[in-house]
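One structure is given here, and the rest of the page talks about it.
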Amino acid sequence: MQVYKFGGASVKDAKGVRNVAKVLETTDPKQKVVVISAMGKTTNKLENIISLYFEKSSALPEAITALKQDHYEILDDLFEEASHPAYTKTNYFFDELSIFFDRNKSPNYDFVYDQVVGFGELISTSIVSYYLKSVGIENVWHDCRNLVDTDSTYRDADVNWENTQQKILNHINEEELSITQGFIGSDANNFTTTLGREGSDYTAGIFAYCLNAENVTIWKDVPGVLNGDPNVFENTSLLEQISYEEAIELAFYGASVIHPKTLQPLQQKEIPLFVKSFYNPKDQGTKVGKGKLLNPLLPCYIVKKDLVFLSLSTLDFSFFVEENISEVFALFHKHQIKVDLIQNSAISFSVCVDNKFKNVDKLIEILKAKFKVDHQKGVSLFTIRHYDDEAIQRIEKDKTVLLKQLHKETIQFVTA
């Protein structure tokens, strides 16, 4: 049993869907669970639809129709008859989306978010499943909400591993090709939950762990894990081998090619993870598993953009002590603020945070009641693993460095 994961870029259009079939035919489609993300930028468009809903915008129906048309263009390219059941299933999900908006009474943004964005994966996997059947690749479509059991922490749910394993073992036939969604699960009340943005990789890890899979392969539009995002850094190189520990470090610091939660369940059972190109499925790619720390050993570059840099100090210039730090972190937790970098001195405390839940402005107003607060939005956090002098100079060049923190294997810069 193997687990494959295809991201949104791999199924962004009809050509991509056909390529998924090609990859499966090349690697033998049987005895696999295939986890698939929403098509292209669908999740971003659903996030915009959610915003229009909360704004009570008259543009909401038009935005839903436009997204439906995006999927119809893919359907029209894949299927000859408009009566094909793939159209019926797609219409069903869009009807469900509209019904939810009509009936929802909850003002909770995170709850609404999870009920809405999961439709992207449900529609995408349905289309892929029907297409595979049309070209002779038999498969079974599974609603992941019936398999992955979570708590009710909307937008960042925790998995109930015992329940999830039992459900997966009961529903997945290891001899078949199973198609399911990444990113989504459900809580005890059968409401949709999500595992965090980019959580489809994590879903693949969950299935691999529960099924004791032979391996997991994440199919990307890059040849494997590179030592930097080629869209940001020039002259990147392929990393052929990465240890679990090193991959977890890279993921923790923000390397986007592997989701931070994905590797932990795989490491527990020593299930290797491969990252390969869906354009060249027979190429070696990158293996993550036991063994050498990094091969070849190169500086690895990571950047997180659009962060917020906060500097706090006490109003009376007294020491910034453990009691202050504990209070600040309690507020970070309450407002779902992810901390990426910390530095403190006798009278000040500086921190670089991710504002993915858009709660920083509210937090700043609360902090101002007790601390002097300076903040700067739109900063970038650069991280270099296994740095050398040349790597440091490459990042510092032509940038305003607000904070630098150096450790044995890692150096980080906050830049304006």
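The chain is numbered in sequence order, starting from 1.
Classification of the Phe111-Phe100 ring pair by plane angle, with boundaries at 30° and 60°, yields tilted.
A cation-pi arrangement, defined by a distance under 6.0 Å to the six-membered ring centre and an angle within 45 degrees of its axis, is absent between Lys220 and Phe278. No cation-pi contact links Lys89 to Phe79, judged by a cut-off of 6.0 Å to the six-membered ring centre and 45° from its axis. Taking the ring axis of Trp141 as reference, the NZ or CZ atom of Lys133 does not stay both within 45° of it and closer than 6.0 Å to the ring centre.
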Worked check of side chain to side chain contact (heavy atoms under 4.5 Å, CB included) between Glu409 and Tyr387:
CA-CA 7 Å; Glu409 294 288 348; Tyr387 60 87; 5.8 Å; no
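Side-chain contact annotation: Gln31 with Glu176, donor-acceptor N/O pair under 3.5 Å absent. Under 3.5 Å, the side chains of Gln181 and Thr125 contain a donor-acceptor pair of N or O atoms.
Taking the salt bridge (Lys or Arg N to Asp or Glu O under 4.0 Å) definition, one finds that Lys404 meets it with Glu396, sequence neighbours left out. Residues that satisfy the side-chain hydrogen bond (donor to acceptor under 3.5 Å, both in side chains) test with Lys372, not counting sequence neighbours, are absent from this structure. Residues passing the ring pair (Phe, Tyr, Trp, His ring centres under 6.0 Å) test with Tyr109 are Phe54, sequence neighbours excluded. Under the rule for a ring pair (Phe, Tyr, Trp, His ring centres under 6.0 Å), the partners of Phe329 that lie at least two apart in sequence or sit in another chain are Phe332. A search for ring pair (Phe, Tyr, Trp, His ring centres under 6.0 Å) contacts involving Phe233 returns Tyr301, not counting sequence neighbours.
Tyr87 and Tyr72 have their aromatic ring centers within a separation under 6.0 angstrom.
With a 4.5 Å cut-off on side-chain heavy atoms, Met1 and Asn212 do not count as touching.
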Kindly list each side-chain donor-acceptor pair under 3.5 angstrom involving residues 224-231, sequence neighbours excluded, with atom names and distances?
{"from": "Asn227", "atom 1": "OD1", "to": "Ser237", "atom 2": "N", "distance (Å)": "2.7"}
{"from": "Asn227", "atom 1": "ND2", "to": "Pro299", "atom 2": "O", "distance (Å)": "3.0"}
{"from": "Asp229", "atom 1": "OD1", "to": "Asn231", "atom 2": "N", "distance (Å)": "2.8"}
{"from": "Asp229", "atom 1": "OD1", "to": "Asn231", "atom 2": "ND2", "distance (Å)": "3.4"}

